[in-house]
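Structure record follows, encoded as structure tokens.
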Amino acid sequence: MTTAVSRDTDTALMAHLLRRAGFGATRDQIDEYVAKGYDETVEELLHPEYSEPEDQDLLDRYFIASVEARSVGHADPQWAWRMATTTKHLEEKIALFWHGLLAVGGIKLDHGMEMLTEIDLFRRYGLGKFRDILLEISRNPGMMYWLDNQNSHKGAPNENYGRELLELFSMGIDEMGEGAYTEDDVKAAARAFTGWASKPTMPPFFLGPFPMEFQFDPNDHDDGEKEFLGEVGNWNGEDIVEITVRQRATAEFISRRLYQFFVADEADEDEVQRLADVFEENDGEIRAVLRAIFKSDHFKSEAIRYRKVKSPTELVFGVARLTDRFDLPDMDASQLASQTMFMGQFLLNPPSVEGWHEGEEWIDSGALVERINFASTELERRDAPGIQRMVDLVSEAGGMGSTEYVAACLDAMGCIDISDRTFGLIAEHASSQMEPTNEDEETDRAIEIFQLIASTPDYQYC
């Protein structure tokens, strides 16, 4: 995408970082991070201090049904609020990454509390070592139920989890459906995970749902010798994870998925190999790989900007954070997750263990209408603090021609860029407008340009 706006390179780079490592930022927030410096900001993003949010009591008082969430619909307002308001940008973004990769679907699981527990697992471990993430998700009762491991028994192993662990969670397959493992490796992994299950829970009615618990039954575990990825031993689930994480295929697979989520929809294989080296050199630490991404010349280059189609979640919460109107967890806030569902991403309920198909597959005619309508409606809220600040920023720029006016609007919306062609069309429209004669008309003019920008194909990219 070419840029029609000339601005300070540090500001443009910081805006790019915050779009990828989070859900974007307001113009004043970008300035605050620029004052800290790029490298310091990267380290701050990479080191969120995990803790229970200070406003959790307030959230529970407003979202009463989510306190003991029975279903996904009861649970998703909790996560939506976090994505709309958190100051720990990467903590929620990495949780979204793992939610799409280590996917558990809430409809089959039908336990909202457990889905929130899984998201919290990703917050706690998501930037750490992949070994720990993979082991924790293997001990997650929701995952064990989702992939039928409670039906995997000594002498009659169920292969679902062993297969998906290798195919979708760690080593991957190529375009021909081939992986760096064999069917015998899948069978060995399945045997190693026998006895790993979700403990039976009480029915939810009438007392509400009970927390799910992991259960290991040594009497139901196959403790015989197994050959897995060329190594022979009396392997259990922990051993399978350990051996899997050491494989070069795993380093490449995770690096590729991180690249496609944080950098560009189409992977640069040279960069993937560089990141896989970082993965191996740092014992599979995700934080180290992301540092290598964010601090690289490749990531900083203008060529890599606007190379990712925004997921519904990125679009909805990017706009929500721009308006900055969610100061209380009210009904509007509770409906944010529903907006992503209308656009094709049902949070806490991926369509399959494969997660969502991303990139350009996010966009079809129906989803595009929903995306544009949502963004346009939100940007029309003139009483929202974020919109008021955006209007003020445009007004403070002073007397301008149409070209400068559109550039000021793009800057106020978080230092975003659009193509020269799109810029020209919006500037032509702006030049045809009557000059505002009062403050209300000036606000209306600015909001109309914000809405036009958000309605363009360009705005669907980050």
Side-chain angles (χ1 to χ4, degrees), residues 1 3 5-51 83 86-98 122-130 132-133 251 254-264 267-268 270-308 314 317-318 321-322 411 413-417 461-462:
M1 180 179 293
T3 176
V5 182
S6 175
R7 60 168 64 94
D8 178 78
T9 55
D10 290 343
T11 302
L13 177 59
M14 188 62 71
H16 169 60
L17 172 66
L18 294 172
R19 287 193 300 271
R20 299 302 178 78
F23 299 97
T26 61
R27 187 63 175 82
D28 51 337
Q29 290 168 344
I30 293 168
D31 286 341
E32 291 173 5
Y33 281 112
V34 168
K36 289 183 180 180
Y38 186 85
D39 287 349
E40 183 175 340
T41 298
V42 168
E43 292 303 321
E44 179 180 315
L45 291 168
L46 289 171
H47 293 89
E49 184 178 345
Y50 175 80
S51 62
M83 288 189 282
T86 186
T87 59
K88 301 176 183 178
H89 304 269
L90 188 53
E91 184 176 70
E92 297 305 327
K93 196 67 175 282
I94 199 67
L96 181 63
F97 169 75
W98 290 119
F122 295 147
R123 292 189 187 107
R124 283 183 288 135
Y125 295 96
L127 293 169
K129 293 184 177 180
F130 183 56
D132 297 334
I133 300 166
I254 296 301
S255 296
R256 184 174 294 105
R257 292 300 298 265
L258 286 168
Y259 183 96
Q260 291 174 314
F261 189 85
F262 288 98
V263 185
D268 182 306
D270 289 339
E271 277 296 294
V272 168
Q273 294 303 317
R274 180 182 73 86
L275 296 173
D277 291 342
V278 173
F279 182 98
E280 291 185 325
E281 292 163 3
N282 291 272
D283 198 22
E285 186 188 50
I286 303 304
R287 180 179 289 106
V289 178
L290 289 178
R291 181 183 291 112
I293 288 176
F294 297 145
K295 292 191 176 183
S296 68
D297 291 338
H298 179 78
F299 179 81
K300 294 177 181 179
S301 70
E302 291 188 15
I304 214 66
R305 296 174 197 174
Y306 304 99
R307 293 283 299 280
K308 267 184 54 60
E314 288 171 319
F317 293 99
R321 297 180 73 87
L322 195 61
D411 198 61
M413 291 178 72
C415 303
I416 61 174
D417 291 338
Y461 291 81
C462 64

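Predicted model only: the values in this text are computed from it and were never measured.
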So, [X] side chain and [Y] main chain: donor-acceptor pair closer than 3.5 Å or not?
| X | Y | answer |
| --- | --- | --- |
| His47 | Glu43 | yes |
| Asn282 | Gly284 | no |
| Lys93 | Arg20 | yes |
| Arg287 | Gly128 | no |

Contacts of type side-chain contact (heavy atoms from CB on, under 4.5 Å), residue [X], not counting sequence neighbours:
| X | result |
| --- | --- |
| Ser296 | Glu271, Arg274, His298, Phe299 |
| Ala264 | Tyr259, Ile304, Arg307 |
| Glu44 | Tyr33, Lys36 |
| Gln29 | Ala25, Thr26 |

How long is the span from the [atom1] atom in [X] to the [atom2] atom in [Y], to the nearest 0.5 Å?
| X | Y | atom1 | atom2 | answer |
| --- | --- | --- | --- | --- |
| Cys415 | Leu18 | SG | CG | 10.0 Å |
| Ser255 | Leu290 | OG | CG | 9.5 Å |
| Leu13 | Ser301 | CG | OG | 10.0 Å |
| Leu90 | Leu17 | CG | CG | 9.0 Å |
| Leu46 | Phe294 | CG | CZ | 6.5 Å |
| Ile286 | Phe279 | CD1 | CZ | 5.5 Å |

* Decide yes or no on side chain to side chain contact (heavy atoms under 4.5 Å, CB included) for Lys308 and Glu314, but give the supporting numbers first. => CA-CA 11 Å; Lys308 267 184 54 60; Glu314 288 171 319; 4.1 Å; yes

What is the minimum heavy-atom distance between [X] and [Y], and which atoms define it?
| X | Y | answer |
| --- | --- | --- |
| Ala267 | Val272 | CB-CG2, 4.0 Å |
| Pro48 | Leu127 | CD-CD1, 3.7 Å |
| His89 | Gly22 | CB-CA, 3.9 Å |
| Lys129 | Asp283 | NZ-OD2, 3.0 Å |
| Val34 | Thr11 | CG2-CA, 3.9 Å |
| Ala21 | Leu45 | CB-CD1, 3.9 Å |

* Asked: Can you name the ring-ring contact (aromatic ring centres under 6.0 Å, His included) partners of Phe23, sequence neighbours left out?
  ->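 Expected list: none.
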
* To do: Could you tell me if the ring centre of Trp98 sits under 6.0 Å from that of Phe261?
  =>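 For Trp98 and Phe261, the ring centres are not under 6.0 Å apart.
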
salt_bridge([X], [Y]) N-O dist < 4.0 Å:
| X | Y | value |
| --- | --- | --- |
| Arg305 | Asp417 | no |
| Lys88 | Glu49 | no |
| Glu92 | Arg123 | yes |

Tell me, do [X] and [Y] make a side-chain contact under 4.5 Å, heavy atoms counted?
| X | Y | value |
| --- | --- | --- |
| Tyr306 | Arg19 | yes |
| Lys300 | Thr9 | no |
| Glu91 | Arg124 | no |

* Contacts of Arg256 that satisfy side chain to side chain donor-acceptor pair (under 3.5 Å) - sequence neighbours left out ->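 Listed in chain order: Glu269.
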
